[in-house]
Trainee: 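Shown below is the structure under consideration.
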Amino acid sequence: MATLLISDLHLDEERPDISRAFLRFLKERASQAEALYILGDFFEVWIGDDAMSPFQYSIAKALRDVADRGTRIFLMHGNRDFLVGRSFCRQAGCSLLRDPSRINLNGAPALLMHGDTLCTRDVAYMRFRRRLRNPLSVWLLRHLPLSKRQQLARKWRDASRQQVRQKAAEIVDVTPEEIPRIMAEHGVLTLIHGHTHRPAVHALQVNGRDARRIVLGDWNRQGWVLEIDDRGYHLDAFPIH
């Protein structure tokens with residue numbers, strides 16, 4: 001049975017085509033898989049488990065249906081949905097995954113990440129991330145009135161889109177020197193991440209050994225999945241309609 005990895009779906013009611021594609025993906029592929037890993041930015045925005053919309057409940061139910069058929073589902077926080085908590089995971093039948101996480105894939109260790117922490121040249125974002133992901137900040141955010149959280153979410157989303165348009169391409173991509181460093185630190189020759197929306201398989205050297213970095217694609221004009229089975233690793237795109 002295959003293991004599937006996806007990221008950066010940015011599920012939102014404003015993009016029903018992506019939601020339909022994801023539900024179809026769950027039915028046709030994920031339900032046949034041994035495991036599904038979702039490496040962050042699953043939702044476009046998440047302001048707390050206590051504020052789930054009917055749309056978000058429907059996604060949780062679809063995941064639960066797949067989990068109940070035997071597929072193990074793991075969810076990693078992204079920079080858009082880091083407030084997803086245990087309540088959602090219980091309803092969706094999935095487990096929260098630390099970022100980074102070292103797991104076994106096809107008999108060898110691999111490192112899974114969302115990918116934003118690899119973009120160390122984006123100094124402003126890294127500073128903002130450290131403040132926002134501080135446990136005290138997370139607690140405060142989860143206890144703000146719903147209207148205030150909605151206001152902040154709109155503000156951060158608009159600011160993020162504007163900054164990405166303004167920043168140089170190399171600033172919002174990973175820092176090349178960071179890749180072999182973190183792979184060596186975790187003792188892996190395979191790194192899989194999302195976030196940058198630049199799907200590709202990159203060959204590199206880690207401590208003189210052949211290694212690879214696999215970047216998952218975002219779901220926008222097409223969907224992306226990394227499928228791992230006894231034939232190897234396959235990064236594939238498929239149409240969204």
Side-chain angles (χ1 to χ4, degrees), residues 1-13 15 18-19 21-27 29-105 110-117 129 132-144 146 149-150 152-153 156-157 192-195 216 218-219 223 225-226 228:
M1 295 178 71
T3 294
L4 307 175
L5 297 99
I6 59 176
S7 73
D8 299 280
L9 281 74
H10 297 273
L11 292 177
D12 188 273
E13 289 182 87
R15 288 295 305 268
I18 297 177
S19 302
F22 176 62
L23 295 176
R24 190 164 57 247
F25 169 83
L26 287 181
K27 181 179 179 181
R29 299 188 66 169
S31 62
Q32 313 300 318
E34 179 180 351
L36 170 65
Y37 290 84
I38 305 170
L39 301 188
D41 283 359
F42 183 42
F43 290 98
E44 171 66 5
V45 67
W46 192 271
I47 59 175
D49 292 4
D50 61 330
M52 285 176 64
S53 66
F55 166 74
Q56 291 165 339
Y57 274 113
S58 70
I59 297 297
K61 183 182 182 304
L63 286 171
R64 166 63 75 173
D65 289 344
V66 172
D68 287 346
R69 294 190 184 99
T71 302
R72 295 180 295 121
I73 303 176
F74 301 91
L75 176 64
M76 181 178 286
H77 287 145
N79 51 300
R80 299 295 186 97
D81 54 9
F82 67 93
L83 289 178
V84 168
R86 291 188 176 91
S87 178
F88 170 82
C89 289
R90 281 195 299 269
Q91 295 180 64
C94 64
S95 302
L96 275 178
L97 199 63
R98 282 181 170 274
D99 183 4
S101 281
R102 185 179 188 267
I103 68 167
N104 187 70
L105 289 174
L111 190 65
L112 307 184
M113 305 179 70
H114 174 55
D116 56 336
T117 57
R129 186 188 189 280
L132 203 58
R133 303 289 277 270
N134 180 286
L136 178 58
S137 298
V138 171
W139 185 91
L140 289 171
L141 283 170
R142 283 179 169 151
H143 288 80
L144 284 174
L146 177 58
R149 280 181 275 161
Q150 291 170 330
L152 285 172
W156 291 336
R157 180 166 54 182
I192 303 168
H193 71 84
H195 179 67
L216 304 175
D218 64 309
W219 291 35
V225 58
L226 174 64
I228 303 170

Trainee: According to the interplanar angle, ranging from 0 to 90°, do the rings of Phe74 and Tyr37 count as parallel (below 30°), tilted (30 to 60°) or perpendicular (above 60°)?
Mentor: parallel

Trainee: Could Asp50 and Arg149 be called an ion pair, given the rule that one side-chain N must be under 4.0 Å from one carboxylate O?
Mentor: yes

Trainee: Say whether, by atom type as modelled, one donor and one acceptor occur between the side chain of Arg142 and the main chain of Gly48 under 3.5 angstrom.
Mentor: no

Trainee: When rounded to the nearest 0.5 angstrom, what distance separates CG in Asp81 from CG in Asp41?
Mentor: 5.5 Å

Trainee: Any side-chain to backbone donor/acceptor pair from His195 onto Gly78? Under 3.5 Å, distance only.
Mentor: no

Trainee: Show the atom names and distances, to 0.1 Å, of all donor-acceptor pairs under 3.5 Å that link a side chain in residues 55-63 to residues at least two apart or in another chain.
Mentor:
residue : atom : partner : partner atom : Å
Gln56   : OE1  : Ser53   : N            : 3.0
Ser58   : OG   : Phe55   : O            : 2.5
Lys61   : NZ   : Asp65   : OD2          : 3.2

Trainee: Are the side chain of Thr71 and the backbone N or O of Ala33 linked by a donor-acceptor pair below 3.5 Å?
Mentor: yes

Trainee: Ignoring hydrogens, what is the shortest heavy-atom contact between Leu9 and Ile18? Give both atom names and the distance.
Mentor: O-CG2, 3.7 Å

Trainee: Kindly give the heavy-atom pair with the smallest separation between Ser7 and Leu216, and that separation in Å.
Mentor: OG-CB, 3.4 Å

Trainee: For Trp46, enumerate each residue passing the side chain to side chain donor-acceptor pair (under 3.5 Å) test, keeping only those at least two apart in sequence or located in another chain.
Mentor: Asp49

Trainee: Looking at every non-hydrogen atom in both residues, tell me the closest pair between Ala92 and Ala67 and how far apart they are.
Mentor: O-CB, 4.3 Å

Trainee: Among all residues two or more places apart in sequence or in another chain, which pass the side chain to side chain contact (heavy atoms under 4.5 Å, CB included) test with Arg129?
Mentor: Asp99, Asp116, Thr117, Tyr125, Arg133

Trainee: List the atom of Leu96, the atom of Val84, and the distance in Å for their closest heavy-atom pair.
Mentor: CD1-O, 4.1 Å

Trainee: Check the pair Leu83, Val138 against side chain to side chain contact (heavy atoms under 4.5 Å, CB included), reporting the backbone distance first and the verdict last.
Mentor: CA-CA 7 Å; Leu83 289 178; Val138 171; 3.9 Å; yes

Trainee: Mind checking the CG-CD spacing from Leu11 to Glu44? Nearest 0.5 Å is all I need.
Mentor: 9.5 Å

Trainee: Which pair of non-hydrogen atoms, one from Gly40 and one from His114, has the smallest distance, and what is that distance?
Mentor: CA-ND1, 3.6 Å

Trainee: Return the CZ to CZ distance between Phe42 and Phe88, rounded to the nearest 0.5 Å.
Mentor: 5.5 Å

Trainee: Kindly indicate, with the supporting measurements, whether the criterion side chain to side chain donor-acceptor pair (under 3.5 Å) is fulfilled by Asp218 and His10.
Mentor: CA-CA 8 Å; Asp218 64 309; His10 297 273; over 6 Å; no

Trainee: Measure the CZ-CG distance between Arg29 and Leu36 for me, rounded to the nearest 0.5 Å.
Mentor: 11.0 Å

Trainee: How long is the gap from CD on Glu34 to CD1 on Ile228, to the nearest 0.5 Å?
Mentor: 11.0 Å

Trainee: For the side chain of Arg64 and the backbone of Arg90, is there at least one donor-acceptor N/O pair under 3.5 Å apart?
Mentor: yes

Trainee: Any chance you could lay out the side chain to side chain contact (heavy atoms under 4.5 Å, CB included) test for Lys27 and Val66, step after step, and finish with the verdict?
Mentor: CA-CA 8 Å; Lys27 181 179 179 181; Val66 172; over 6 Å; no

Trainee: Working to the nearest 0.5 Å, report the span between CG of Leu140 and CG of Asn134.
Mentor: 9.0 Å

